[in-house]
Asker: 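Sharing a structure below in structure tokens format, with a few things to ask.
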2 protein chains.
Amino acid sequence: MPRARSNSTAPTPSASSPDTVFEGAIRGMVGYNLKRAYIVLHAAARAAAEDFGLRVPTFSCLSVIVRNPGITPSALAEHLKIERPNLVVIVDELETRELIRRTQMKTDRRRYELTVTVRGRRLHDQAAEAIRDAEAQCLQGLGAEDQARLIDLLNKIENAMTEAPVSAAEHTGPPPP
Amino acid sequence: MPRARSNSTAPTPSASSPDTVFEGAIRGMVGYNLKRAYIVLHAAARAAAEDFGLRVPTFSCLSVIVRNPGITPSALAEHLKIERPNLVVIVDELETRELIRRTQMKTDRRRYELTVTVRGRRLHDQAAEAIRDAEAQCLQGLGAEDQARLIDLLNKIENAMTEAPVSAAEHTGPPPP
DNA sequence: AATAATTATTATGTCTCATAAATATATGCG
DNA sequence: CGCATATATTTATGAGACATAATAATTATT
């Protein structure tokens, strides 16, 4: 029987699947592995945050507000890459639970300043510790050095795109200055 | 004024937020960086797959079916960590588009064997190449060695959890054999 | 003063993932 | 055999995160 050209070096697929499953083209892709690892860490963070009545994006917002008192919803949304309409409901919930305050600016009454309350600050610190612990559980296999290197590699990916969206081939117009 | 205990070494938050935004407790967390990088790669993969009328999970399924002819929906779902009810709609779509065939097993008529069609195989190979190219665009900043190391680190995270769900502290009963 | 731009919001839709319940078939046991 | 139990698939449904269009309030610009 003529073998279809196989673009992989791994063992040839057998006629009917046995109990071991081979991975397709996906295992060699970084994005696939990224997602699998992300699922693990996200589930851990989610479970830890849940104990404080927070979801992960909500905690992220709280965390940035803690660190940037007086930040506006717009700036917060842009920084966390959240669409502003989606941020509204998060901020609403944080305010309702009295974890942050939302005060209208006097110089520009369209804008609001977000500041954390004492209660919010306390909850944040506790949640942050719990999430860090949960993460550490997942990262036992990695030494501190590995961990730092991983973060560095991830940041390279994140930043590469925001700086140079396309390169060399396949764009029509001349590059903007 | 008494400074609240700050659990970070970075610059102290200024009264009202300037144009630079500081990151909270989150930037030091692996999960956060993981997500940011994942968003970049996933968007690239998604855009590439879209040209072939595929979404990322659909492509992943197709890819595993290509590599494991005759695999059952259950095995496929378990392998990709997709819930079976969600896999149904994906398989439905793949079958409707005649990219795969779904044949009932004679020995056990509850089960189905999934096999790729010629058309599906062709589409898969083209899409895989496009997605790989799109990924490569995102990974220009990383050498081949960095890339391999990244995948290795990610796999460690993924596997650490499936092997040793909890460690040492905080579980009540004795470990199963 | 009139127009345009900005901030925040409301309404709405999509995508991914998760759970409960229903159906069809197979297996084990009296 | 007949009945309870288990498994594979499917249907229905909901939650969570993300995205876009339209609106309201305010400010900036002409």
Side-chain angles (χ1 to χ4, degrees), chain A residues 16-17 19 31-32 34-36 38-43 45-47 49-50 53-61 65 70-96 100-114, chain B residues 17 19 31-32 34-36 38-43 45-47 49-50 53-61 70-96 100-114:
Chain A
S16 89
S17 89
D19 49 353
Y32 178 71
L34 210 44
K35 175 167 192 175
R36 307 275 288 202
Y38 168 69
I39 288 174
V40 170
L41 275 180
H42 183 260
R46 183 190 171 108
E50 200 173 41
L54 297 171
R55 279 158 304 164
V56 175
T58 310
F59 170 75
S60 300
C61 289
I65 294 170
I71 192 173
T72 65
S74 280
L76 178 57
E78 186 188 12
H79 183 71
L80 285 178
K81 297 204 203 306
I82 295 176
E83 294 304 315
R84 268 155 312 177
N86 298 326
L87 184 63
V88 170
V89 306
I90 296 178
V91 165
D92 270 0
E93 192 202 332
L94 286 173
E95 193 191 21
T96 300
I100 65 169
R101 258 188 306 271
R102 214 188 51 139
T103 63
Q104 202 172 29
M105 289 177 74
K106 287 183 177 175
T107 65
D108 185 344
R109 295 201 324 237
R110 291 171 301 185
R111 314 174 83 161
Y112 291 87
E113 290 184 328
L114 308 177
Chain B
S17 89
D19 49 353
Y32 179 70
L34 210 45
K35 174 167 191 176
R36 307 276 287 203
Y38 167 69
I39 287 174
V40 170
L41 275 179
H42 183 259
R46 182 191 170 112
E50 200 173 40
L54 297 171
R55 279 160 302 166
V56 175
T58 311
F59 169 76
S60 299
C61 288
I71 191 172
T72 64
S74 280
L76 178 56
E78 186 187 11
H79 183 71
L80 286 178
K81 297 202 202 307
I82 295 176
E83 294 303 313
R84 271 154 308 179
N86 298 326
L87 184 63
V88 170
V89 307
I90 296 178
V91 165
D92 270 358
E93 192 203 332
L94 286 173
E95 192 190 21
T96 300
I100 66 170
R101 259 188 306 272
R102 215 187 51 136
T103 62
Q104 202 171 31
M105 289 177 72
K106 287 183 176 173
T107 65
D108 185 342
R109 296 203 320 238
R110 292 170 302 182
R111 314 175 82 160
Y112 291 88
E113 290 184 327
L114 307 177

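Chain letters run A, B, ... following the sequence lines, proteins first, then strands; residues in each count from 1.
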Asker: Report, as yes or no, whether the 6.0 Å neighbourhood of atom CZ on B:Arg36 holds more than 12 heavy atoms from other residues, nucleotides or ligands.
Answerer: yes
Asker: Nearest 0.5 Å, what's the CG-NZ distance between B:Leu41 and A:Lys35?
Answerer: 12.5 Å
Asker: Whole Å only: how far is the CD atom of B:Glu78 from the C1' atom of D:dT9?
Answerer: 15 Å
Asker: Figure out the OH/C1' separation between B:Tyr38 and D:dA17, and round it to whole Å.
Answerer: 11 Å
Asker: Could you tell me if the side chain of B:Val88 sits less than 4.5 Å from the side chain of B:Pro73, heavy atoms only?
Answerer: no
Asker: Would you tabulate the nitrogen or oxygen pairs shorter than 3.5 Å linking the protein to nucleotides 8-11 of chain C?
Answerer:
unit_1 : atom_1 : unit_2   : atom_2 : d
C:dA8  : OP1    : A:Tyr112 : N      : 3.2
C:dA8  : OP2    : A:Ser74  : N      : 2.9
C:dA8  : OP2    : A:Ser74  : OG     : 2.5
C:dT9  : OP1    : A:Arg102 : NH1    : 2.1

Asker: Quick check for you: to the nearest 0.5 Å, what is the distance between A:Leu87 atom CG and A:Cys61 atom SG?
Answerer: 5.0 Å
Asker: Do the side-chain N or O atoms of B:Lys35 get closer than 4.0 angstrom to the phosphate oxygens (OP1, OP2) of D:dC18?
Answerer: yes
Asker: For B:Glu83 and B:Thr107, find the nucleotide of DNA chain C closest to each by heavy atoms; which residue's nucleotide sits nearer the 5' end?
Answerer: B:Glu83
Asker: Atom CD1 of B:Ile82 and atom P of D:dT9: how far apart are they, to the nearest Å?
Answerer: 14 Å
Asker: In this structure, how many angstroms lie between the P atom of C:dT19 and the CG atom of B:Leu87, rounded?
Answerer: 16 Å
Asker: Stem finding on DNA chain D, please: runs of three or more consecutive Watson-Crick or G-U wobble pairs, both distances under 3.5 Å, sorted by first number.
Answerer: C:1-30 with D:1-30
Asker: In this structure, how many angstroms lie between the C1' atom of D:dA15 and the CD1 atom of A:Ile90, rounded?
Answerer: 15 Å
Asker: Give, for atom CD of B:Gln104 and atom CZ of B:Arg110, the distance between the pair rounded to the nearest 0.5 Å.
Answerer: 11.5 Å
Asker: A:Glu93 and A:Val89: side-chain contact (heavy atoms from CB on, under 4.5 Å), yes or no, with the steps?
Answerer: CA-CA 6 Å; A:Glu93 192 202 332; A:Val89 306; over 6 Å; no
Asker: Name the residue closer to the 5' end of DNA chain D, choosing between A:Gln104 and A:Thr58 according to the nucleotide with the nearest heavy atom.
Answerer: A:Thr58
Asker: To the closest 0.5 Å, what do you measure between CG (A:Leu80) and CD (A:Glu83)?
Answerer: 12.0 Å
Asker: Please determine if a side-chain N or O atom of B:Arg55 lies less than 4.0 Å away from the OP1 or OP2 oxygen of C:dT16.
Answerer: yes
Asker: Take the protein atom NE2 of A:His42 and the nucleotide atom C1' of D:dA15, then report the distance between them rounded to whole Å.
Answerer: 13 Å
Asker: State which residues pass side chain to side chain donor-acceptor pair (under 3.5 Å) with A:Arg102; sequence neighbours excluded, sorted by chain then number.
Answerer: none
Asker: Taking atom C1' of D:dA17 as reference, at what distance in whole Å does atom CD1 of B:Ile39 sit?
Answerer: 10 Å
Asker: Between A:Glu113 (side chain) and A:Thr103 (backbone), is there a donor-acceptor pair under 3.5 Å?
Answerer: no
Asker: Between D:dA17 atom P and B:Arg36 atom CZ, what is the distance in whole Å?
Answerer: 16 Å
